[in-house]
Amino acid sequence: MDQIINVARNCKRCVVLTGAGISAESGVPTFRGKEGLWGKFKPEELATMEAFMANPKIVWEWYNWRRQLISEVKPNPGHYAIAEMENIFDNFVLITQNVDDLHRIAKSNNILELHGNISRNKCLKCSEPFPDDQEISPEEIPSCSKCGGQIRPDVVWFGEMLNAATIQKAFDESSKADLFLSIGTSAIVQPAASLPVEAKRSQATLIEINVNSTPLTSIADFFVPEPSGEFLPKLVEGLKDKV
Ligand code: BV8
Ligand code: ZN
């Protein structure tokens, strides 16, 4: 820990990438863990345009189930520690693959949501936003008032492009970072998994915080095999007098 604090203390531009693991201690199942979301379902079956076109009812049942689950959980100390980092580093950017909104609830401000946000709805055809204050009935999926297209969750499905400006900014920030924290991600899903590699290529110190090793572990400068909700508050405590 001391070594990491000493290195981080001298860094000015910190980028954090989070995955489902940061929300695990809040009780949100991860994607690929043994109890993972995908355990019950296959990504190809549900988080894809093909699945939605073939069976919008099932896909909406799955998203409503996840929305209900997320509505009952709270941010954990890991989310709050990341929110505090904004005041510790001269330049701080949070990039998340998560769609659960817990970083925003934990008061992080500067967030790049790579994969959208499960609480938002949009039109399948024209992407017009659709009010998210009402539950979507899988039996009667509403239509877009503008073009009549079906309403879908505003998340990025497998095989779909990410928002070009968002992913471009994520790569720009990663290439300028002198410290990159990869937290709670299996580092499999692209293009997100290339961000820490880009940071490392641009001479950043790469710290991976994950209870398991990943394809990133071998290139990380530090690998912290601890739950993020336990490690991050200790890291922030150690950096507090940096400000
Ligand atoms: C794209 C939103 C261009 C939806 C998500 C073949 C066909 C089609 C596409 C591809 C293909 N081969 C490759 C691709 C590209 C594909 C991809 O990368 N596939 C992977 C599976 C190989 N990517 C895409 O399709 C992307 N678009 O590339 O467009 C294109 C177009 C056409 C064809 C090719 C390319 C879009 C990707 C976005 C998909 N949407 N989510 C929804 O949520 O419903 S991805 C989904 O996975 C979530 O966003 C999630 O965040 C993300 C990544 O998973 P992780 O966050 O890493 O979660 P995971 O469970 O895997 O890991 C959790 C980790 O936490 C574990 O390591 C665990 O050890 C750790 N952990 C657990 N507890 C803790 C902890 N760590 C610390 N503390 C703890 N307490
Ligand atoms: Zn529309």
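Ligands are counted one by one from 1 in listed order, and the atoms in each one are counted from 1 as well.
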Within ligand 1, which atoms have a heavy atom of [X] less than 4.0 Å away?
X: Thr30; value: 60 (O)
X: Asn98; value: 51 (O)
X: Gly184; value: 63 (C), 64 (C), 65 (O), 76 (N)

Please state whether the rings of Trp157 and Tyr63 are parallel, tilted or perpendicular, taking 30° and 60° as the class boundaries.
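Trp157 and Tyr63: tilted rings.
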Ring geometry between Phe92 and Phe89 (parallel below 30°, tilted from 30 to 60°, perpendicular above 60°)
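It falls in the parallel class, under 30°.
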Part of [X] within contact of ligand 1 (heavy atoms, under 4.0 Å):
X: Ala24; answer: side chain
X: Glu25; answer: side chain
X: Val189; answer: both

Would [X] count as being in polar contact with ligand 1, using the rule that some N or O on each side must be under 3.5 angstrom apart?
X: Ala20; result: yes
X: Glu160; result: yes
X: Trp157; result: no
X: Val155; result: no
X: Thr214; result: no

So is [X] in contact with ligand 1, going by heavy-atom distances below 4.0 Å?
X: Arg66; result: yes
X: Tyr63; result: yes
X: Gly159; result: yes

Does [X] [atom1] have over 12 foreign heavy atoms under 6.0 Å away?
X: Met53; atom1: CE; value: no
X: Glu140; atom1: CD; value: no
X: Gln134; atom1: CD; value: yes

What I want to find out is whether [X] reaches [Y] closely enough, with some N-O distance under 4.0 Å, to be called a salt bridge.
X: Lys57; Y: Glu139; value: yes
X: Arg67; Y: Glu135; value: no
X: Glu86; Y: Lys107; value: no

Please state which option from Ser23, Ser186, Gly19 has its nearest heavy atom closest to atom 62 (O) of ligand 1.
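Shortest heavy-atom distance from atom 62 (O) of ligand 1: Ser186.
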Which one of Glu113, Gln190, Glu230 has a non-hydrogen atom at the shortest distance from atom 24 (C) of ligand 1?
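Nearest heavy atom to atom 24 (C) of ligand 1 lies in Gln190.
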Are Ile207 and Val211 co-members of a hydrophobic cluster defined by side-chain heavy atoms under 4.5 Å apart?
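No, it is not one cluster - the side chains of Val211 and Ile207 are not joined through contacts under 4.5 Å.
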Give a yes or no on whether the backbone of Phe223 and the side-chain of Glu208 come within a donor-acceptor separation of less than 3.5 Å.
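Absent.
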For Pro131, does its backbone N or O pair with a side-chain atom of Asn121 as donor and acceptor, under 3.5 Å?
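Flag set: sc Asn121 to bb Pro131 pair under 3.5 Å.
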Quick one: angle Cys144 SG - the Zn ion (ligand 2) - Cys123 SG, to the nearest 10°?
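That angle is 110°.
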